[in-house]
Amino acid sequence: MKQTPLYQAHLDANGKMVDFGGWEMPLNYGSQLEEHNQVRNDAGMFDVSHMTVVDFKGAEAKQFLRVLIANDVDKLKISGKALYSCMLNETGGVVDDLIVYYQDDTDYRMVINAGTTEKDIAWINAQAEGFDVRVEPKFDLAMIAVQGPNAREKVYQAMAGVEEICGELKPFNAASVGKLFVARTGYTGEDGFEIMLPEKAAEFTWKMLLEAGVKPCGLGARDTLRLEAGMSLYGSEMNDEVSPLEAALTWTVDLTDENRAFVGREALETLKAKGAKKTIVGLVLEGKGVIRDHQKVTTNIGDGEVTSGTFSPTMGKAIALASVPKGSEGLCEIEMRNKQVSAKIVKPPFVRNGKIRV
């Protein structure tokens with residue numbers, strides 16, 4: 001299995017290591033619940049070095065990205081500004097979801113998912129033929145996500161010079177500090193940074209953050225936090241056969257410029273004209289139990305399926321995201337162990353910045 005530059009640090013912290021898509025990663029360091037609450041109440045950090053950074057450089061970098069992804073990088077005008085998007089195939093399915101950062105019209109940085117990296121790079125290179133653009137995966141970078149209401153202050157305490165550059169950084173923006181690339185983004189519904197840095201500096205930086213009181217958190221807490229935040233996960237809420245119009249990601253598709261022929265546009269416009277028949281909603285269980293992936297959901301207008309289910313530590317209730325017929329509302333029934341259990345359909349997020357929203 002592959003290991004990140006922080007592998008030894010995880011062992012030193014008694015991380016329970018598991019196979020995560022071919023990577024040996026920490027599930028938790030003793031208590032998933034404590035790690036979840038650590039992020040909601042203070043600051044925690046995640047090793048996300050298994051995700052892949054890809055730089056795009058060249059005279060036609062902008063033109064290429066305007067074809068590659070469904071959101072429009074032309075709206076990025078300020079250095080460091082980030083954009084969330086999906087990368088689609090010709091049938092409008094999602095090849096991957098990603099964040100792209102703007103440096104200038106000839107220089108962009110993208111972060112893609114770990115499990116899809118090989119597929120993504122092959123897809124990107126195939127689409128790049130004919131464009132004056134260099135596609136440069138940065139496999140020598142590590143990535144640490146520090147999240148929580150006190151995350152930024154503790155990063156400033158741990159990492160000299162970061163506050164001077166990132167103190168005024170707005171959400172969904174990034175700045176460079178030497179070889180560091182610091183983005184005010186995250187996957188937990190809390191404030192914080194995602195820090196990209198040379199792999200040789202990863203362990204030292206991890207230790208500095210530990211000394212500042214940032215506690216390590218594993219994949220288990222990362223998933224309950226992201227689900228409370230209502231954020232979609234590739235492979236669960238979307239995949240190569242699901243359109244962003246069916247995954248409550250319409251807001252990531254930009255059709256404004258009629259002349260921008262991005263990959264998948266024709267299929268999206270056909271589906272839009274016909275009307276997508278399903279979407280992603282949130283569910284909150286009325287009674288006791290834990291909602292699991294793939295359980296059947298029966299709504300007021302038809303059947304669907306749970307795409308991600310868990311128990312929310314913040315709410316003290318079972319929550320889920322589910323793919324259901326578009327227009328479903330009110331109460332629904334979830335099939336759990338051959339019983340029908342009632343749940344409320346809500347609009348995510350469930351929790352944002354520590355506050356319950358549903």
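- For the pair N150 and A43, the tightest heavy-atom approach, listed with the atom from each and the gap, is C-CB, 4.0 Å.
- If you chain together ILVMFWY residues whose side-chain heavy atoms come under 4.5 Å of each other, L11 ends up grouped with Y7, M17.
- Under the 4.5 Å side-chain criterion, counting only non-hydrogen atoms from C-beta, L249 is not in contact with E237.
- The cluster map of Ile, Leu, Val, Met, Phe, Trp and Tyr, joined by side-chain heavy atoms under 4.5 Å apart, puts L68 and F131 in the same cluster.
- A donor-acceptor contact closer than 3.5 angstrom links the side chains of T314 and H36.
- For the pair N89 and W123, the minimum side-chain heavy-atom distance is below 4.5 Å.
- Aromatic rings from Y108 and Y101 are positioned such that their centres are separated by 6.0 Å or more.
- Side-chain contact check for S323 and E305: no donor-acceptor pair (N or O, by modelled atom type) lies under 3.5 Å.
- Aromatic pair Y187/F46: centroids not less than 6.0 angstrom apart.
- Connectivity analysis of hydrophobic side chains (ILVMFWY, heavy atoms under 4.5 Å, direct or indirect) links V281 to L283, L285, I291, V297, V306, V324, I334, M336, V341, I345.
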Donor-acceptor pairs under 3.5 Å, side chain of residues 157-174 to any protein atom, not counting sequence neighbours: which ones?
residue : atom : partner : partner atom : Å
N173    : ND2  : P171    : O            : 3.1

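- Side chains of S49 and E199: a donor-acceptor N/O pair is absent below 3.5 angstrom, by distance only.
- Linking ILVMFWY residues whenever their side-chain heavy atoms come closer than 4.5 Å, directly or via other members, places M238 and V111 in the same cluster.
- We find the CE-CG distance between M231 and L321 to be 11.5 Å, quoted to the nearest 0.5 Å.
- A side-chain donor-acceptor contact under 3.5 Å links Q147 and T188.
- With rounding to the nearest 0.5 Å, the separation of CG in D42 from CD in E190 is 10.5 Å.
- For T205, there are no side chain to side chain donor-acceptor pair (under 3.5 Å) partners at least two apart in sequence or on another chain.
- Cluster partners of F204, using a side-chain heavy-atom cutoff of under 4.5 Å among ILVMFWY residues and allowing indirect links, are M208.
- Defined by atom type and a distance below 3.5 Å, a donor-acceptor pair is present between the side-chain atoms of D97 and Y84.
- The aromatic rings of F56 and F64 are tilted relative to each other, their planes meeting at an angle between 30° and 60°.
- Shown here are the side chain to side chain donor-acceptor pair (under 3.5 Å) partners of T106, two or more places apart in sequence or in another chain: D104.
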